[in-house]
Structure formats: C-alpha cells, structure tokens
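Predicted model only: the values in this text are computed from it and were never measured. Indexing begins at 1, ligand by ligand and atom by atom, following the structure's order.
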Amino acid sequence: MPEEPVIGDSEPQLLEVEAGVHFWCACGHSGHLPFCDGSHKGTGIQPVRFVTAVPVTVAWCPCKHGEVPSVCEETKGP
Ligand code: FES
C-alpha cells in the first residue's frame, strides 16, 4: 500500500519547462519540487511522466489530488 503523498503547499508553482520529458514528484519528498529527485523510493509512489514538444509554462500541482495529477485543476483552461 503506497504512503500518502506529502502536501507541501496549497498554491500551484508556475514554472516553464523545456521541450522534452519531465518527471513530476507525486510523493512530495523531493528536494527539487515540483520534479522527482528519486526520494520516492520505498514510498510505493511513482513520479508522473510529463511530456511536451515545445517549451511551456505549467502550473504544477502542489496538493497531489488533481485529476491529471501533475497540473493544477484551478489553472487549466476549458
Ligand atoms: Fe517524489 Fe520521486 S521524489 S515521486
């Protein structure tokens, strides 16, 4: 059974990422939030893969409860 994720903040973290593959931290233990640094080992939680073909600004979710877990629900467009 996976541990509950650690919720670090209630506000999304707006950050631009380069084109490519990124791994969002789903456990909340990373020292480099919102991205995975491998600290999830032993929690039963895995990082979430995020892929973009172009540089994009993302509202990274801090609460870990979104439908698309890496992106904040409140800042998504229609
Ligand atoms: Fe949190 Fe990897 S450090 S998912």
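For the pair C27/E3, no side-chain contact is recorded, criterion being any heavy-atom separation below 4.5 Å from C-beta on. A 4.5 Å side-chain heavy-atom check between F23 and V48 finds every atom pair outside the cut-off.
Taking all atoms of both residues into account, the shortest heavy-atom contact from F50 to V58 is CZ-CG2, 3.5 Å. Considering every non-hydrogen atom in both P34 and W24, the closest pair reads O-CD1, 3.2 Å. C25 and H29 get closest at one heavy-atom pair: SG-N, 3.9 Å.
Here 2 is the count of protein N, O or S atoms positioned under 2.8 Å from atom 2 (Fe) of ligand 1, waters not counted.
Residues passing the side-chain hydrogen bond (donor to acceptor under 3.5 Å, both in side chains) test with T52, sequence neighbours excluded: none.
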